[in-house]
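Chain identifiers are assigned alphabetically (A, B, ...) following the order of the sequence lines, protein sequences preceding nucleic acid strands; residue numbering begins at 1 within each chain.
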2 protein chains.
Amino acid sequence: MRSRLVDAALTLLQHQGAAALTVRNITTRAGCSTTGIYTYFGGKNGLVDAIFSNGFASFDQALDPFLDEGDLLGAGQAYRRWALAHPMQYMVMFGRAVPDFEPSDAGLERALVSFSKLAAGVRRAGIGGDADHRAHHIFATVHGYVMLEMAGMAPPLSVPIETLYLHALASASEPIRPPGQTVN
Amino acid sequence: MRSRLVDAALTLLQHQGAAALTVRNITTRAGCSTTGIYTYFGGKNGLVDAIFSNGFASFDQALDPFLDEGDLLGAGQAYRRWALAHPMQYMVMFGRAVPDFEPSDAGLERALVSFSKLAAGVRRAGIGGDADHRAHHIFATVHGYVMLEMAGMAPPLSVPIETLYLHALASASEPIRPPGQTVN
DNA sequence: AGGCGGACGTAACATTGTTATGTGAGATAA
DNA sequence: TTATCTCACATAACAATGTTACGTCCGCCT
């Protein structure tokens, strides 16, 4: 039953958006009454929190193969691919798409796990410099690009966004070279 | 009266967050009945849309002095400063902080004006390469950094975020140098 | 003076998340 | 076997939300 509720919420989220994610919609689709959400998740927040943690798990599953080998470019592409394939879930995780939802402490810890995996991947890539700083930079860049693309804020460009994304990714994950500091 | 409603909504947003932005709260604070929002803005969406456009105007006002001189570093710092000074408004503009709010076509056009000003600044900076691509890259980077910082997702760092932000900003706005492609 | 249109308030409406209350089935102990 | 207890579940209600129908009154134009 617990999984039926999560599944119903996920399909509802993916097909009809966050606005359709109401307690009544979810429960009727799952085949139970509104109280089901409260007995199993303690409320709507709990269910969304499950989706939140779930998202990071699926996320890691997509990125781990690349990060385990220190392949930052591959990981970055997998990041974008996952986000574009699960836009609603991505917005729940990073964009506060569900009104009044705040991730629990457990959910936030789960998110930190994903970040530390990225930092470990950066360390494994042997790029030099502070791995945490680099991970932060890569994350910010990638997140910024994906967010803008998902928001439809891509300006008129003569080149597919994917190309720009790859350039930015390459710049952000290039090894340090002491004197010359150039980009692009 | 129109401005009284906007002011009430803005102070409410800044002091109590987006959750307190209810029609009844706004109107009682502005000293009128709930219908006031409908006669002047056609609904809550209209009011939030006014805040949205308002935000981009204030935003431009902060960045224009720098962009007019092609000072990308100054503009980037002004960007972050404005965002940290108006976090709630920034989230309304870029983060879908208000439930069920979608910017109108006019609002989106207003946002595009801000972006084209950025592109013009990049062109004025004489950095080389495609100005639109560069503007997109700078915007994505800056937005990613600010978003992460506002979400409290800054990992434990040995250096103040501001320093990292400046490095990223410098990398993103450096002029092209043909052969060697390095970063940091 | 006579309308007349628009700003405004009151009260209601549908929909949201949440909770109080009841019910019934399955397990447990005497 | 029977009494009791616990837990999952439904029904119905609750407060709060955005929105709208309706009535009223003030100011302007002919």
Sequence-aligned protein contact record of nucleotides 8-20 of chain C, with B where the base is within under 4.0 Å of a protein heavy atom and S where only the sugar-phosphate is
SBBBB---BBBBB
Would you say the ring centroid of A:His136 lies under 6.0 angstrom from that of B:Tyr145?
yes
If you define the side chain from C-beta out and look only at heavy atoms, does anything of B:Met93 sit under 4.5 Å from B:Phe56?
yes
On the 0 to 90° scale, with breaks at 30° and 60°, tag the A:Phe139-A:Phe115 ring pair as parallel, tilted or perpendicular.
tilted
N-O pairing of B:Arg124 and B:Asp71 below 4.0 Å
no
Would you say A:Arg80 and A:Glu162 make side-chain contact, with heavy atoms under 4.5 Å?
yes
Bounds of contact between DNA chain D and chain B, in 5' to 3' order, using a heavy-atom cut-off under 4.0 Å
D:dT17 to D:dA21
Indicate the ring-plane relationship of A:His143 and A:Tyr90, choosing parallel, tilted or perpendicular according to the 30° and 60° boundaries.
tilted
Let me check something: any side-chain donor-acceptor pairs from residues 44-52 of chain B under 3.5 Å, sequence neighbours excluded? List them with distances.
{"unit_1": "B:Lys44", "atom_1": "NZ", "unit_2": "B:Leu21", "atom_2": "O", "d": "2.9"}
{"unit_1": "B:Asp49", "atom_1": "OD1", "unit_2": "B:Ser104", "atom_2": "N", "d": "2.9"}
{"unit_1": "B:Asp49", "atom_1": "OD1", "unit_2": "B:Ser104", "atom_2": "OG", "d": "3.4"}
{"unit_1": "B:Asp49", "atom_1": "OD2", "unit_2": "B:Ser104", "atom_2": "OG", "d": "2.6"}

